[in-house]
Structures are given as structure tokens and as C-alpha cells.
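Residue numbers start from 1 in every chain, and the chains themselves are labelled A, B, ... in the order their sequence lines are given, proteins ahead of strands. Atoms considered below: every heavy atom in the structure, side chains included; atoms not considered: hydrogens, waters and symmetry mates.
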4 protein chains.
Amino acid sequence: MRVNLEARAATGENRRAQTRAKLVDAAARVIADKGREATSIEDIVAEAGVARGTFYNYFPTVDELLDALNTRMAQAVDAAMAPIRAEITDPPSLLAATLHRFMVALTADPVGGWLALRMEGSVAPRQLIFERRFDALFQEGVRIGRFRQGNRDAARSLLFGAFRMAQRDVMLGQTSPDHVVELVALLLMAFGVTPEEARDISRKAAAEAEDQRHYHPVM
Amino acid sequence: MRVNLEARAATGENRRAQTRAKLVDAAARVIADKGREATSIEDIVAEAGVARGTFYNYFPTVDELLDALNTRMAQAVDAAMAPIRAEITDPPSLLAATLHRFMVALTADPVGGWLALRMEGSVAPRQLIFERRFDALFQEGVRIGRFRQGNRDAARSLLFGAFRMAQRDVMLGQTSPDHVVELVALLLMAFGVTPEEARDISRKAAAEAEDQRHYHPVM
Amino acid sequence: MRVNLEARAATGENRRAQTRAKLVDAAARVIADKGREATSIEDIVAEAGVARGTFYNYFPTVDELLDALNTRMAQAVDAAMAPIRAEITDPPSLLAATLHRFMVALTADPVGGWLALRMEGSVAPRQLIFERRFDALFQEGVRIGRFRQGNRDAARSLLFGAFRMAQRDVMLGQTSPDHVVELVALLLMAFGVTPEEARDISRKAAAEAEDQRHYHPVM
Amino acid sequence: MRVNLEARAATGENRRAQTRAKLVDAAARVIADKGREATSIEDIVAEAGVARGTFYNYFPTVDELLDALNTRMAQAVDAAMAPIRAEITDPPSLLAATLHRFMVALTADPVGGWLALRMEGSVAPRQLIFERRFDALFQEGVRIGRFRQGNRDAARSLLFGAFRMAQRDVMLGQTSPDHVVELVALLLMAFGVTPEEARDISRKAAAEAEDQRHYHPVM
DNA sequence: AATGAATGAGGCTTCATTCAT
DNA sequence: GATGAATGAAGCCTCATTCAT
């Protein structure tokens, strides 16, 4: 009897990928709910509906799984932003659009939003991919005179720190509706955009992001 | 025979306070070293040089101790800033002076600095006392026309988030010397100070804070 | 109120020693019964009647406990042999007496006997203290012409290996009554004692050891 | 179309035997390296280069495989000794030749040597086939007056115990070059051979065994 | 107050074994 | 026959907490 070894291997790989995804998804939900430190392997496998030992067939430790999760999130978010990167060429406008879209995505998807906050500390708080996008955008903005000349590292600290803190405030519900609009405007001002234009850009970007709220679950 | 009950009581209270302080100090050192989640009660009592059971005579849980620690740190820092609050009246200058002094204090005192970073997440990332100081300063700045009118909550997100991220970058040693100078200047610009003046104020405040480096251990 | 701190400390130490002994005794019984590799910490604490965590207050691993057990056994046995060392001066007779007494002790005390066999492999199969006793005895025997000149290391391999194998055979009940008598005689012959005298010495030592069977539980 | 069913069956049996041998060989290497208790089925199949499930197509448990391994080793060794059994008729000389050859084989083949030591305890320490060979040899030696009359079981304890202990000492490298020569001589003396002849026989047997070192991998 | 031995819940990890493909 | 994903029992270890002294 002849056996189709390739088909069998493909089936196996498929099943493997499915189980792996089940675990990563489950971990995202559990960690968003309880926080990294309160999450045990037991919690994750229970949520995933697999046996305890199965976990170790895929990840040696919870932190390995977290890395996978982190990478997956960052890539998903970055991919979701591809359309606006293609469409918007003005750096301040692209920055504002990205931040507002990101915030909408985080609040639209409670799991992803909480997850991002709760991973504070256990994983890199700034993803390399986002840093690179920002660096390019900032450099281009300076080059064409839309941003003031300045230390890029300090600008990064400002942007990523402020955004994270705002995310926290928004998710905890302690903010007024225009909190994010104002924050993004402040960032643009810090980078050299005039107050009036900064507020204008931020407001428009916020409105457009809201329109997209239900179209793009990113994580 | 007559016994001085008050004196005895005072002695007792004194000893009690001493043991309590021993525990809080020990916790600060251990957590700064290993991080909150890796710190056990055993570690703390060993560092404090008291018996395990003694811990429970003072704190029902580790988190109670953490609250005490957090409060103590915030008050110490706030008290250390009293001189400049009395001395500097210009809001942008006071803000710059406070931020630079704070950063110097954190980096000068490795225990306090790491502690602040490592408690990220386990305790409130923003102390009420600091928020109140900022609110008053911001309001005064707006009143006298030094800061641009704007949403105070957004300004708070910006300031506290950016400062925390900068602290992280500085303590991890991934920054150039003028990173903090630039960051503080960016904050002032976001609040409406002109670029030239913002850089000037930040640079001067940084220089003065450096002069004080060895005079004010704050925690 | 005055507290007798010394008395309290003494009580504590006492309790500690008791619990430690409970664990070592329990381990001896369990290992004699099931063998080292089949013995879990759970088994030991159950046999000792203490909680699982208590084990770790005394020993970091089962092997640490085994070392303690091993040392204790060797010292007990060596001490039990003190009288005959003081009494018998002729090296062949002392060797025969020691071996027969040892064998009687091992078979009289099933726990100790099985324990010695089952620890084969997990711990040093030859205790340093016994090696030293044998070296001294062998050297003295050679010096006074009772043993033939020869390589001491080879003599040691012969003696310890043969005795261990004999112990195994005896404990498994696969031997005739004079098995040990013959074996000890063979050892003496290997060392240069004439066949007639060797059998004579071994027989007498066996008889005397039997007389002591119920007087000296050694472990 | 005609199919050669016999050939196909033969091929099947052949393949089966090959996989089985792969497993047994792999187990030998792994156990020699890590010891029986530290060896998992996973280790064995990884070393053998087959899938985990394949193991169970051949052996219900690891111990079944160990039995196979043990038997194979004993038969290989016994077969390797066939030439000298045919050639040497004098019992003391045959005994000495066998022991020296065995020791050379064990030390020449690190896998087999360590394996034999590491299986100490997990399997029978004396193989029936070796016992029978010794019994016959001893009986014949007594019959023709080369060995002294004596208890055969005690002689067996002496021989097998001493040899195993010597093997351990040699493999651990704690011996002088003539350790085994002396030990074999002591055994012959214990059996009634005169000291001079015993040493002579052992020395010659050792020299001849050394000559064969590279010709006969026994396991 | 201070002590530290004892506790046991809770988490981690390994690994023999099953079974669908 | 061979495969390897899935399983879950069984062990290990840590550590917050209790409590008698």
C-alpha cells in the first residue's frame, strides 16, 4: 500500500500550526485579563482547551510564548497601517493618522488593548518595527522642513512614552473624548508644527480613524 | 516601685518604628535588585536581618509594604524639591528644574532609580502628589501666559509618560548625554515655550541639577 | 516579662534535630523497601509524617539526605566494631570478626541490609572510613608476616567487591549456611593465610558473631 | 503480475531487525553516557533517529529493551571468548585469560564498559551464562587438582564481586597498571594456586590480552 | 514583639504512553 | 510499519502564611 507522505506531513504541520495558534490566542486572552505575572501555564492550557503537557510541545517557557505573541501583535498592527502609509505622504499627518488608528484599534479590541498594557515590563515596551517606522517618518519630516531639527532619541522617548501613558489613561476610562486629539496635537507641536495646524491635523486624523473603527480588527 | 510608663511606651514605639523601617529599606534594596515579582518575603526578611514571622507583625502582605515604600519615596522626592519650589517662580523653569533634579536623583541613587523602574506596573505609575504639583504649575503657567492654553489631562499624559520612558532609557544606558536636555525642551515646546527659550531653560536646569548631584540623596 | 532565650533556642534546636532524624529514618525505610530511584520525596515525607514542604527545610535534594544517611550508617557500623578492634590484635582474626559481625548486623536489620544494597550506585559503594580501617589492618598484617606482601589496591577491590556480592547473595537467600564462612576463608587464603587456619579463623569468628546477633542492632 | 512474496517477507523481516538493532544500539550508547535512570525513551529514539512511536512497535517498555541489550552483550562476550576456551585447557590459565580479555574488552570499548557499570542494579549483576562457564571451569579445576576443594557458591561470590569492583576501579581510572594482574593473581591464590604460579599465569594472560586489544570489539 | 519550624497550596516540568494518520 | 501530536500522571520546588514558644 502506498502512502502519501507529503499529504501526511502537510496535515501534521497544519495541525501543529493550529494548536500553536490556539495556545497563543489563549495566552493573549488570559494575560489581557489577569496580567502576565498572575498567568500560569495551567490558565493558558485551560483556556486553549489542550492538555498541560501540550504546552511544552510548543514553548519551553511562558516567556517564549510571549515573544511569539508580541511579534505577532506588532506585525499585525504594522500591516494594518500599510494602507495609510501608502496614502498619506505628509509626515505630521501620517504620524497623527497612525497614532489615532492605533488607539482606536486598541480600544476596539479589549483583548489586544489590555494585552499591550499588561505586557509592560515583561517584554520590550517598544517594538523595533515601530521605532524604525518612526525614525524614518521623523527624518523625512525634518528633511522637508515639516518637523524642527532635533535629537531623534529624545523625540522617540517623548512619542512612545506619551502614547503608552495615554493608552493607559484611555483604557482606564479616565479621559475626556478629546484627550487623544490633544495629546497627538501636543506631540506635533513638540516636533515643530504650529499649534493651529497641529490641532487641525489631529482632529481630522481622529475623525477618520473613528470611521474605520469597525472595519479593521488588528489583533 | 514606680515605672515611667510613658518612657517605656516611647521606647516600644521607637523600636517598632525601627523594625518597620528596616523592613521597608530592605524591601527597597531587594526589589531594586531583583524586581517585584522575583522578590519573596524570605528575601526581604533576610536582607532586613529579622525573622520571617516578624514581617507579619508589620504588614499583612507584601503589597501593603509596597504601598508604604511608594508613599515614602514620593514624599522624600517631593520634600527634596521644596527648595527649588520656593526659589523658582517661572513655571517653565521650575518644571525643567524639577525634572532634571529628579532624573539626577534617580541615577545618582541606584536603589531608588531601579526601584522606580521595577515597580512599573505593580504600583500606581503616577503619584497623586506629583500630579497635583504639575496641575498647579501648569495652571499657573497658563494663567501668566507662559504656557499655551490646553487640555491639562493630555499635558499630564505627555509629561508623565515621556519622563518615565526617558528614565527607562537613561537607566538602561541607551542615551546620549543631552537626551534629557532635549526631552525636557521638547516638553516645554509642546506646552508653548519657543524652541530657543525651551532649550535654554532646559540646559541651564540640567547644569544646576548636575551641581547638586552629590548633595541630595532623595530616597 | 523576661523570656529565657537560651531555653527557647535549645527547644528549637531539639525540635529541629528530631524532625531531621524523622526524615532520615523514614528515608532509610523507604529506600530499603523500594530502592533509591523509585523513592520520591512524597514517599519520604509520608513515611515521616511531616508535610512536603518540611523536607526542603532540611535537605535541598534527596541526594543530600542520602549523604547524611550514608555517613550515619558508616559511623554507626564503625562504632559498633570498636570493641572487637580493641580486643583482637591478630589481623586475620580481626578481619574475619569484622566481616562476620557486619554480615550478621546487616541480616539482623533488614532495613539497614537492604538499604546498603539498594544504595549501590547512588552513593559511594565503599566508605572511606572502611577503606582506611582495612588499609591499616592489611598493612599491619603484612608487617608482622600474617599476610603475604602484595598490592593493596587489588586487595581492596577483592575484599570490598566480594563482600558486597556476598551480602547480596545472602540477603536474596540464595546461599547455604556456610557461604559466608567459606567466603571469608577464601579472602584470608588470598591474603596468604593457610587454608586450614583460614577456615578455622573464619568458623570461630562466625560463631562469635552469631552469639552477638541480638545484642547490637547497628543501624 | 507475480510478486516474490518470500523475498518481500524477507525484506520486511530484515527491515524490522534493522530498526530493532538501531534502537538497541542507540540505547547502549545513551545509557553508557547518561546512566539508566537518566535515560528517557525520547533520548533513545533521538539517538536512533526514529520516531517516538516506533519504539513501541518493538518494545513495550524500556526494561524489555534492557533485557535484550543485556542478553546481547553477554552472548557477544561469551562468543568472543570461544577461541580461548578451545585453545586453553588448564583451568587457572583459562580463568586468567578470560578475566583479562574481558577487562581489556571493557576498557577498549567505552560504550560497553560504561554500559556494564551503569546497568549495575538495573539488571542482573551476574549473567547466567557466565555463571555456568565459571561453574564448569571451577569443577574441572577441582577435579584435576588445580583448584582446592571448596564451596562453589562462595567462590562465585568472590570472583564476580571482585571482578565487578575491579572493573569499576579501572574504569574510574583509580588504579595502577598492575591492579588487574594482582587481582587475578589473588583470585587464583584464593582457589589454591601457589602465589608464584598465580602471578605468573596472571601476568602472561594480561600480556596476551593486551595483544588482542585492537582485534576484538566484543560488544 | 520576635522567632522560626511547619504547612500545603500552587506552579513548573518531564516523560511514558496512546492513537489517528 | 512509521510517525509525531496529544495526553495527563507524577514528580519537583517555592513561598506565603500560621502558630507555638
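Sequence neighbours left out, the pairs with a member in residues 16-56 of chain D that pass ring-ring contact (aromatic ring centres under 6.0 Å, His included) are D/Phe55-D/Phe59.
Contacts between residues 49-57 of chain B and DNA chain F, defined by a heavy-atom separation under 4.0 Å, are made by B/Arg52, B/Tyr56.
Within the 4.5 Å cutoff, side-chain heavy atoms of B/Leu115 are placed close to those of B/Leu69. Two residues are said to be in side-chain contact when any heavy atoms from C-beta on lie closer than 4.5 Å; D/Trp114 and D/Asp33 fail this criterion.
In this structure, CG of D/Asp43 is placed 12 Å from P of E/dT14, rounded to the nearest angstrom. Here the C1' atom of nucleotide E/dT17 and the CG atom of D/Asp63 are 15 Å apart, to the nearest Å. The nearest whole Å value for the distance from the NZ atom in A/Lys22 to the C1' atom in F/dA5 is 11 Å. Rounded to an integer number of Å, the gap from CD of C/Glu37 to P of E/dC15 is 12 Å. Between the P atom of F/dT18 and the CD1 atom of B/Ile41 lies a distance of 10 Å, rounded to the nearest Å. Atom CD of D/Glu42 is separated from atom P of E/dT13 by 17 Å (rounded to the nearest Å). Counting to the nearest Å, the C1' atom of F/dT7 and the CZ atom of A/Arg15 are 12 Å from each other.
Taking the side-chain contact (heavy atoms from CB on, under 4.5 Å) definition, one finds that B/Thr61 meets it with B/Asp63, B/Glu64, sequence neighbours left out. Among residues two or more places apart in sequence or in another chain, the salt bridge (charged side-chain N to carboxylate O under 4.0 Å, His left out) test is passed with A/Asp25 by A/Arg72.
Close to F/dA6, at under 4.0 Å from its OP1 or OP2, lies a side-chain N or O of A/Thr19. Remark: D/Tyr58 is not in phosphate contact with F/dG1, judged by side-chain N or O atoms under 4.0 Å from OP1 or OP2.
Consecutive Watson-Crick or G-U pairing (both distances under 3.5 Å) extending over three or more pairs maps onto DNA chain E as E:2-21 with F:2-21.
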Under 3.5 Å, sequence neighbours excluded: what are the donor-acceptor pairs made by side chains of residues 43-54 of chain B?
unit_1  : atom_1 : unit_2  : atom_2 : d
B/Asp43 : OD2    : B/Lys34 : NZ     : 3.0
B/Asp43 : OD2    : B/Ser40 : N      : 3.0
B/Asp43 : OD2    : B/Ser40 : OG     : 3.2
B/Glu47 : OE2    : B/Arg29 : NE     : 2.6
B/Glu47 : OE2    : B/Arg29 : NH2    : 3.3
B/Arg52 : NH1    : B/Glu42 : OE1    : 3.0
B/Arg52 : NH2    : B/Glu42 : OE1    : 3.0
B/Thr54 : OG1    : B/Ala51 : O      : 3.4

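Mapping C/Arg16 and A/Thr39 onto DNA chain E via the closest heavy atom, the residue that lands nearer the 5' end is C/Arg16.
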